[in-house]
Amino acid sequence: QDAAGSTPVTAVEQPVGRLLDKSGRGNHATQATTTKRPIYSRRANLLTKTEQFNDVAWVSDAGTVTPNAYTSPTGRVFAKYTPDGTNVGNHRVRQAITLPTVAHTLSFEVKAAGYTGIKLRATTAWVNFDLTTETVGNSLNVSSPTIAALGDGVYRVSCTFSVGAANAYIYIDPNDTVSSDTAAFAGDGTSGIYISAASVTLATDAHLPYQWVNTDTDYDADPNKFPAYLRFDGVDDALQTGNIDFTSTDKMTVWAGVTKLSDATASILLESSADSSGNPGSFYITAPETPGASSLSFRSRGSAFTAPMNLYGHAAPISRVVAAIGDIGGDISTIRAGGASATNPQDQGTGNYGNYPLYICARAGTLFFFNGRIYSLIVRGAQTPLSQIEATELYIKQKMRMP
């Protein structure tokens with residue numbers, strides 16, 4: 001947890017001040033400033049109290065929540081939400097959550113307890129489900145609505161939305177008819193819905209299994225289900241190594257497993273030296289290269305300045321295994337990600353790579369901060385056969401639990 005390596009990381013959501021070099025060469029990455037350390041995490045589900053709907057984290061409007069009202073054949077415990085007798089449009093159970101305006105997937109497990117029409121909603125995005133016919137009704141600002149039978153009348157209902165707000169409401173409510181866009185009705189005081197397993201994840205994490213969350217530091221961190229990563233806040237988090245001597249080679253191969261959470265500002269993912277545009281024998285990976293771009297980019301240079309090679313079509317939020325190949329003498333700057341690749345053949349001048357620090361997720365630790373997650377980072381000062389590049393990409397993809 002500290003730069004000196006005296007306090008080990010023992011649990012999720014702890015800061016990382018020292019990241020060990022697994023090659024055995026001692027090129028550890030550190031951060032001396034406590035407030036600038038990334039966080040070790042396995043968090044995917046962004047909600048809290050995901051199975052405790054009577055907790056203060058949830059608000060029940062115009063109705064009551066009864067905990068432990070039903071247990072499914074799989075052992076999942078459900079609460080029951082029972083609307084009261086008022087004829088209003090706010091019969092619902094909801095949680096406020098801070099979300100950026102990017103794609104997220106919302107899901108619950110539900111079972112009819114008198115009402116068979118169910119609505120999921122996230123701010124101004126909503127979709128209706130009919131649990132009797134297992135169909136989707138009206139929807140607004142959502143994509144990929146699904147309803148999956150889990151047995152004994154239990155369904156997993158989900159949708160993807162991209163409406164973010166500082167205080168977005170994620171909620172579920174019974175709906176008197178699946179074809180209606182309003183929840184206005186008078187409950188009978190007995191009928192309701194059973195609910196459990198609430199989840200909001202980045203759309204790029206939707207393939208992961210459901211993750212129960214109690215608090216921000218207490219959640220299902222099973223390594224067999226949820227990959228470990230370092231979370232960089234895009235504000236001031238960064239790591240750096242001491243000087244690494246690559247002066248004996250003009251070949252470079254870099255792999256990174258990342259989730260890019262924002263394209264709002266130019267961001268450094270990895271950079272050799274404090275400024276690769278001005279320092280000979282340096283390289284960098286950006287994510288993105290320029291504000292608002294959907295790019296991942298790589299630049300390699302010898303004695304001559306070169307332009308970065310941009311690979312577009314990777315808009316945040318997105319998870320990718322990135323591979324970069326540099327060859328100063330061969331004038332090659334190649335970047336690979338998501339099954340695509342691009343190469344810049346521009347003249348890189350002469351010479352080998354330098355003896356510089358590696359800066360992780362910021363330029364010189366002071367600007368162009370990366371907002372996202374790092375799952376894996378491998379830097380090899382050598383030419384690498386394509387078969388080994390592809391094998392390493394697959395290894396990182398499996399490490400990230402990517403589909």
Side-chain angles (χ1 to χ4, degrees), residues 45 47-55 57-85 89-95 105-122 125-139 142 144-161 169-201 206 208-214 220:
N45 191 349
L47 294 174
T48 59
K49 304 294 181 180
T50 59
E51 298 176 15
Q52 297 174 255
F53 297 90
N54 60 323
D55 188 87
W58 293 94
V59 175
S60 56
D61 293 319
T64 58
V65 171
T66 305
N68 308 317
Y70 164 76
T71 302
S72 75
T74 64
R76 181 92 69 210
V77 176
F78 287 66
K80 181 184 179 184
Y81 170 68
T82 306
D84 62 21
N90 61 349
H91 291 299
R92 61 196 180 193
V93 180
R94 57 187 171 87
Q95 182 173 144
T105 296
L106 165 67
S107 63
F108 289 80
E109 287 186 16
V110 298
K111 176 180 169 69
Y115 292 111
T116 59
I118 305 296
K119 177 186 285 185
L120 298 190
R121 183 159 184 162
W126 55 263
V127 60
N128 292 347
F129 298 91
D130 188 323
L131 301 184
T132 301
T133 62
E134 301 181 21
T135 58
V136 177
N138 290 352
S139 62
V142 301
S144 305
T146 62
I147 178 169
L150 303 180
D152 195 37
V154 177
Y155 295 89
R156 184 99 202 162
V157 291
S158 68
C159 65
T160 297
F161 65 96
Y169 285 109
I170 308 301
Y171 66 79
I172 186 170
D173 62 40
N175 202 7
D176 55 340
T177 169
V178 77
S179 63
S180 172
D181 64 358
T182 177
F185 65 96
D188 60 18
T190 301
S191 301
I193 54 173
Y194 296 114
I195 52 177
S196 189
S199 177
V200 171
T201 70
L208 294 173
Y210 161 71
Q211 181 182 54
W212 64 260
V213 178
N214 180 32
D220 184 0

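The basis for the numbers below is simple: all heavy atoms, side chains too, and nothing from hydrogens, waters or symmetry mates. Residue numbers count from 1 along this sequence.
- Minimum interatomic distance between Val93 and Tyr171 (heavy atoms only, all atoms of both residues): O-CB, 2.9 Å.
- The backbone N or O of Phe185 sits less than 3.5 Å from a side-chain atom of His91, completing a donor-acceptor pair.
- Minimum interatomic distance between Gly192 and Lys80 (heavy atoms only, all atoms of both residues): N-CE, 4.2 Å.
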The test is side-chain hydrogen bond (donor to acceptor under 3.5 Å, both in side chains); show your working for Thr50 and Gln211 and say whether it passes. CA-CA 9 Å; Thr50 59; Gln211 181 182 54; over 6 Å; no

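- Residues satisfying the salt bridge (Lys or Arg N to Asp or Glu O under 4.0 Å) criterion with Asp220, sequence neighbours excluded, are Lys225.
- Contact annotation: the side chain of Ser139 never approaches that of Cys159 to less than 4.5 Å [non-hydrogen atoms, C-beta and beyond].
- Atoms CD1 and CG, on Ile118 and Asp173 in that order, are 8.0 Å from each other to the nearest 0.5 Å.
- Asn45 contributes a side-chain N or O that, together with a main-chain N or O of Ala198, makes up a donor-acceptor pair within less than 3.5 Å.
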Could you list the donor-acceptor pairs under 3.5 angstrom formed between side-chain atoms of residues 145-156 and any protein atom two or more places apart in sequence or on another chain?
{"unit_1": "Thr146", "atom_1": "OG1", "unit_2": "Ser158", "atom_2": "OG", "d": "2.5"}
{"unit_1": "Asp152", "atom_1": "OD2", "unit_2": "Tyr70", "atom_2": "OH", "d": "2.4"}
{"unit_1": "Tyr155", "atom_1": "OH", "unit_2": "Leu131", "atom_2": "O", "d": "3.3"}
{"unit_1": "Tyr155", "atom_1": "OH", "unit_2": "Glu134", "atom_2": "OE2", "d": "3.0"}
{"unit_1": "Arg156", "atom_1": "NE", "unit_2": "Ser107", "atom_2": "OG", "d": "3.3"}
{"unit_1": "Arg156", "atom_1": "NH1", "unit_2": "Ala197", "atom_2": "O", "d": "3.1"}
{"unit_1": "Arg156", "atom_1": "NH2", "unit_2": "Ser107", "atom_2": "OG", "d": "2.7"}
{"unit_1": "Arg156", "atom_1": "NH2", "unit_2": "Ala197", "atom_2": "O", "d": "2.8"}

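- For the residue pair Thr82 and Gly189, the shortest heavy atom distance occurs at CG2-O, 3.3 Å.
- With sequence neighbours excluded, the residues satisfying salt bridge (Lys or Arg N to Asp or Glu O under 4.0 Å) with Arg76 are Glu51, Glu109.
- Residues meeting the side chain to side chain contact (heavy atoms under 4.5 Å, CB included) test with Thr71, sequence neighbours left out: Val77.
- Looking at every heavy atom in both residues, Pro83 comes nearest to Ser191 through CD-O, 3.2 Å.
- Among residues two or more places apart in sequence or in another chain, the side-chain hydrogen bond (donor to acceptor under 3.5 Å, both in side chains) test is passed with Thr105 by Thr160.
- Counting only heavy atoms from C-beta outward, the side chains of Asn138 and Trp126 approach each other to under 4.5 Å.
- Residues satisfying the side-chain hydrogen bond (donor to acceptor under 3.5 Å, both in side chains) criterion with Ser196, sequence neighbours excluded, are absent altogether.
- Scanning for side chain to side chain contact (heavy atoms under 4.5 Å, CB included) contacts around Ala125 gives Asn141, Val142, Phe161, Val163, with sequence neighbours left out.
- You'll find the side chain of Arg94 reaches within 4.5 Å of the side chain of Asp61, heavy atoms only.
- Here the CD1-CD1 distance, from Ile172 to Ile195, works out to 6.0 Å after rounding to the nearest 0.5 Å.
- Note that CD of Gln52 and CG of Asn68 are 9.0 Å apart. Values are rounded to the nearest 0.5 Å.
- Side-chain atoms of Val213 and Leu47, non-hydrogen and from C-beta on, never get closer than 4.5 Å to each other.
- Partners of Asp84 according to the side-chain hydrogen bond (donor to acceptor under 3.5 Å, both in side chains) rule, which considers only residues two or more places apart in sequence or in another chain, are Thr86.
- The two residues Ala62 and Tyr81 have their closest heavy-atom pair at O-OH, 3.3 Å.
- Put simply, the side chain of Leu208 does not reach to within 4.5 Å of the side chain of Thr201, judged on heavy atoms.
- Legend: residues meeting side-chain hydrogen bond (donor to acceptor under 3.5 Å, both in side chains) with Thr190, ordered by chain and number and at least two apart, are absent.
- Contact record, Ala69 with Tyr194: CB-CE2, 3.8 Å, taken as the closest heavy-atom pair.
- The distance from the CZ atom of Arg121 to the CG atom of Asn128 is 10.0 Å, given to the nearest 0.5 Å.
- With sequence neighbours excluded, the residues forming a ring-ring contact (aromatic ring centres under 6.0 Å, His included) with Phe53 are Trp58, listed by chain and number.
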